[in-house]
Amino acid sequence: MTLEEIHGQQPMPAGHDWMQGAGTALHELLVSAQRRGCLTAGVYESAKLMNVDPDNVAFCVLAADQEDEGDIALQIHFTLIQAFCCENDIDIVRVTDVDKLAAIVGPSEDSGEPRDLHCILITNPNEEGWKDPALEKLNLFCEESRNVNDWVPTITLPE
């Protein structure tokens, strides 16, 4: 019996198709979470939330452009967030295009200012029966990635 049979899902597509599917699922999850008020953006805001209520965090997205790769402070934050997520069984992915992420999430609703999108947390809403199919797809994607020793897979968001 395969993992897909156990979970009642289709087998994982090979290669690029599966990556595109994960990108689409991440896009859907971000839109859904923002609509429900279950999205926390910002490295510091995310760190505060993980410190106060780690059991409520369902998924983590780390985002950095090419220019951010040289930012040592940001890389230290990423390392600490990754360690925290691994310790608390929170699935985590990386995104390499902050502009695409900003197009999906948009500016801060409070001030209209661009917000820090280097770390985004998806939290569980207060609704008990909420199951997001995009979150389930991403959880499966992360599980499959860990099976091939890719602990923080990189996802490409769709155009």
Side-chain angles (χ1 to χ4, degrees), residues 2-65 68-69 74-98 100-102 104-105 115-158:
T2 66
L3 180 64
E4 291 82 16
E5 291 169 340
I6 292 170
H7 292 289
Q9 299 175 359
Q10 297 298 317
M12 184 173 83
H16 191 64
D17 292 340
W18 178 238
M19 288 297 292
Q20 283 184 321
T24 302
L26 180 58
H27 183 277
E28 292 168 4
L29 178 63
L30 291 169
V31 170
S32 173
Q34 187 165 15
R35 219 174 323 149
R36 294 180 180 276
C38 302
L39 188 138
T40 300
V43 172
Y44 296 109
E45 293 82 359
S46 298
K48 284 192 287 188
L49 177 65
M50 287 190 286
N51 188 39
V52 173
D53 193 9
D55 294 334
N56 196 34
V57 178
F59 199 78
C60 179
V61 178
L62 296 178
D65 284 329
D68 294 325
E69 294 299 323
L74 183 61
Q75 297 308 317
I76 291 170
H77 286 296
F78 281 3
T79 301
L80 294 171
I81 290 168
Q82 288 173 25
F84 187 88
C85 288
C86 288
E87 187 175 304
N88 289 282
D89 296 322
I90 300 167
D91 285 327
I92 182 170
V93 296
R94 289 195 98 157
V95 173
T96 58
D97 194 338
V98 178
K100 283 184 187 177
L101 202 55
I104 297 168
V105 176
R115 53 181 155 180
D116 174 15
L117 298 176
H118 290 106
C119 182
I120 296 177
L121 297 181
I122 309 298
T123 56
N124 292 317
N126 294 333
E127 306 163 25
E128 288 297 317
W130 185 65
K131 294 281 186 203
D132 192 311
L135 179 59
E136 291 176 16
K137 286 179 190 176
L138 286 167
N139 288 337
L140 180 61
F141 172 79
C142 289
E143 184 177 332
E144 292 292 332
S145 295
R146 283 190 299 272
N147 288 338
V148 294
N149 289 326
D150 186 3
W151 294 93
V152 184
T154 299
I155 291 180
T156 304
L157 291 167

Going through the distances and angles, do I155 and F141 end up as a side-chain contact (heavy atoms from CB on, under 4.5 Å)? CA-CA 10 Å; I155 291 180; F141 172 79; 3.8 Å; yes
Could you walk me through whether V43 and I81 pass the side-chain contact (heavy atoms from CB on, under 4.5 Å) test, one step at a time? CA-CA 9 Å; V43 172; I81 290 168; 4.2 Å; yes
Walk me through whether E45 and C119 qualify under side-chain contact (heavy atoms from CB on, under 4.5 Å). CA-CA 9 Å; E45 293 82 359; C119 182; over 6 Å; no
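Partners of D68 by side chain to side chain contact (heavy atoms under 4.5 Å, CB included), not counting sequence neighbours, listed by chain and number: A64, D65, L74, V98, H118. Residues satisfying the side chain to side chain contact (heavy atoms under 4.5 Å, CB included) criterion with A47, sequence neighbours excluded, are absent altogether. The ring pair (Phe, Tyr, Trp, His ring centres under 6.0 Å) test applied to H27 returns no partner, not counting sequence neighbours.
A distance-only check finds a donor-acceptor pair linking the side chain of K100 to the backbone of L157 [under 3.5 Å].
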N/O donor to acceptor pairs below 3.5 angstrom from side-chain atoms of residues 86-94, sequence neighbours left out:
unit_1, atom_1, unit_2, atom_2, d
N88, ND2, F84, O, 2.9
D91, OD1, R146, NH1, 2.7
D91, OD1, R146, NH2, 3.4

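Once rounded to the nearest 0.5 Å, the distance linking CG of N139 with NZ of K137 reads 12.5 Å. To the nearest 0.5 angstrom, I122 atom CD1 is 8.0 Å from L135 atom CG. Taken to the nearest 0.5 Å, the OG1 atom of T154 stands 12.5 Å off from the CG atom of D97. Taken from OG in S46 to CG in N51, the straight-line distance is 12.5 Å, to the nearest 0.5 Å.
At least one side-chain heavy atom of M50 sits less than 4.5 Å from a side-chain heavy atom of C85. In this structure the side chain of L30 reaches within 4.5 angstrom of the side chain of L101, judged on heavy atoms.
Across every non-hydrogen atom of A134 and A25, the tightest pair is CB-O, 3.3 Å. For the residue pair A63 and F78, the shortest heavy atom distance occurs at O-CZ, 3.4 Å. Residue C38 comes nearest to N124 through the heavy atom pair SG-C, 4.5 Å, listed as atom of the first residue, atom of the second, then distance.
Residue pairs satisfying the salt bridge (Lys or Arg N to Asp or Glu O under 4.0 Å) criterion with at least one member in residues 46-62, sequence neighbours excluded, are absent.
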